[in-house]
Amino acid sequence: MHHSRGKSKNSKIANAPKQKISYEKKVDSAITEYSVRSLNWLRQAEFLMSAPKLNLCVEDTGYEIAFAGRSNAGKSSAINALTNQKQLARASKKPGRTQMINFFSLGNPDQRLVDLPGYGYAAVPEAMKLVWQKELENYLIHRQSLQGLVLLMDIRHPLQHFDVMMLEWAYSRKLFVHVLLTKSDKLNRGPASKALQEVQQQLRKMKLNFSIQLFSSMNKQGLEELASVMAGRLNFTLEQATEFDLDSIPEADANDLDEPVEIMDADDEAEIEIADDVTDESRQAD
Ligand SMILES: Nc1nc2c(ncn2[C@@H]2O[C@H](COP(=O)(O)OP(=O)(O)OP(=O)(O)O)[C@@H](O)[C@H]2O)c(=O)[nH]1
Ligand SMILES: [Mg+2]
């Protein structure tokens with residue numbers, strides 16, 4: 001017979017393997033040759049350039065997917081986890097870190113990832129916020145190569161006002177959206193899949209038929225799923241998959257987040273510094 005709810009949950013936790021292992025088990029079934037190839041392909045990502053505005057962006061040809069979401073949702077971290085490179089995109093515990101439109105090529109300048117600045121970061125000065133909103137809007141409206149968005153939402157605070165606006169706007173523009181409920185490591189498995197179902201339901205209610213998954217940059221949950229969705233949308237073909245040189249893929253790294261697990265989070269903390277150097281986007285692109 002079944003235990004009572006609380007008890008069965010506890011015994012389940014006690015018997016469960018460590019969270020990380022159970023997550024890995026969970027994605028196993030989703031691992032196909034295409035998703036593995038896609039993941040390897042994404043590791044070829046290289047920093048192309050940062051643009052402060054639309055007319056300074058890289059040439060608008062080919063295919064592009066942008067990572068969007070509230071400030072601190074984990075966009076830059078997700079790109080780093082996905083590409084298996086520690087500092088390809090600049091992640092930070094300080095919200096408002098990403099301040100330009102950042103382009104990354106995927107072995108081919110016509111297949112790109114874009115890291116966008118987050119929206120909804122209250123501590124950015126109002127005037128700057130307006131300029132940014134405008135540039136972001138410009139990019140989202142006019143960028144021809146933009147296929148769609150990976151929209152990241154903290155699993156603990158999904159579907160905030162701006163998120164819903166973004167979803168509806170993307171829908172009206174006929175862009176695809178693939179939703180990531182990020183920082184899934186912050187919740188146990190049960191609550192995490194419950195959150196997933198709830199957001200899924202709400203999307204359906206809004207008649208927004210977008211795909212959605214759990215994701216964690218910290219324990220790498222959902223990497224293969226995200227990789228294959230992205231590769232498909234970026235027109236990564238199996239033909240191309242067999243073409244590229246496997247030797248050129250960077251070695252796997254032990255951990256991509258160099259910050260501790262006890263991360264200060266904009267959603268938990270009130271006093272947060274404003275990101276320091278706005279203009280200095282110099283970085284090593286290897
Ligand atoms: N626990 C946990 N923390 C994460 C995860 N992903 C990101 N973080 C943390 O969340 C904070 C923000 O991460 P970023 O990747 O910089 O967020 P962002 O969305 O790029 O933020 P902006 O550039 O300000 O828009 C950092 O402290 C990260 O370490 C995750 O999967 N799990
Ligand atoms: Mg960022």
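The analysis underlying the following values was restricted to heavy atoms, covering all of them including side chains, and did not include hydrogens, waters or symmetry mates. Numbering of ligands and ligand atoms starts at 1, following listing order.
With 3.5 Å as the limit, one finds a donor-acceptor pair spanning the side chains of Ser184 and Gln221. Looking only at atom types and distance, the side chain of Asp163 has no donor-acceptor partner in the side chain of Gln160 under 3.5 Å away. Side-chain contact check for Thr182 and Asp154: no donor-acceptor pair (N or O, by modelled atom type) lies under 3.5 Å.
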Lys53/Lys134 under side chain to side chain contact (heavy atoms under 4.5 Å, CB included): CA gap, chis, key distance, verdict
CA-CA 9 Å; Lys53 56 204 293 182; Lys134 193 84 214 132; over 6 Å; no

For this session: Using the side chain to side chain contact (heavy atoms under 4.5 Å, CB included) rule, take Met230 and Phe67 through it: C-alpha gap first, then chi angles, then the decisive distance, then the call.
Result: CA-CA 11 Å; Met230 292 192 54; Phe67 280 50; 3.7 Å; yes

query = Are Asn219 and Ser216 close enough, and set up right, to give a side-chain hydrogen bond (donor to acceptor under 3.5 Å, both in side chains), and what steps lead you there?
reply = CA-CA 6 Å; Asn219 63 21; Ser216 167; 3.0 Å; yes

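Put simply, part of Asn72 is less than 4.0 Å from ligand 1, judged by heavy atoms.
Taken to the nearest 0.5 Å, the OG atom of Ser50 stands 9.5 Å off from the CD1 atom of Ile101.
Close approach to Gly74 involves these atoms of ligand 1, each under 4.0 Å from a residue heavy atom: 7 (C), 13 (O), 14 (P), 15 (O), 17 (O), 18 (P), 19 (O). Numbered from 1 in the order shown, with element, the atoms of ligand 1 that lie under 4.0 Å from a heavy atom of Lys75 read 15 (O), 17 (O), 18 (P), 19 (O), 20 (O), 21 (O), 22 (P), 25 (O). Under a 4.0 Å criterion applied to the non-hydrogen atoms of Gly118, ligand 1 contributes the atoms 25 (O). The Ser77 neighbourhood of ligand 1 comprises atoms 6 (N), 7 (C), 13 (O), 14 (P), 15 (O), 28 (C), with distances under 4.0 Å to a heavy atom of that residue. Near Lys186, meaning under 4.0 Å from any of its heavy atoms, are these atoms of ligand 1: 1 (N).
For the Mg ion (ligand 2), the set of nearby N, O or S atoms under 2.8 Å includes one belonging to Ser76.
Between Trp41 and Phe236, the angle of the ring planes stays under 30°, which puts this pair in the parallel group of the 30/60° scheme.
Any N or O atom pair closer than 3.5 Å counts here, and Leu116 shares no such pair with ligand 1. Not one N or O of Arg90 is nearer than 3.5 Å to an N or O of ligand 1, by distance alone. Considering both main-chain and side-chain atoms, Ser217 comes within under 3.5 Å of ligand 1 through a nitrogen or oxygen pair. Checking only distances, Pro117 never comes within under 3.5 Å of ligand 1, N or O to N or O.
Each of Gln147, Arg143, Gln144 was compared with Glu64 under the side-chain hydrogen bond (donor to acceptor under 3.5 Å, both in side chains) criterion, and only Arg143 meets it.
Of the listed options Met218, Arg70, Lys183, Lys183 places a heavy atom closest to atom 10 (O) of ligand 1. The residue from Ser184, Ser76, Ala73, Gly69 that puts a heavy atom closest to atom 20 (O) of ligand 1 is Ser76.
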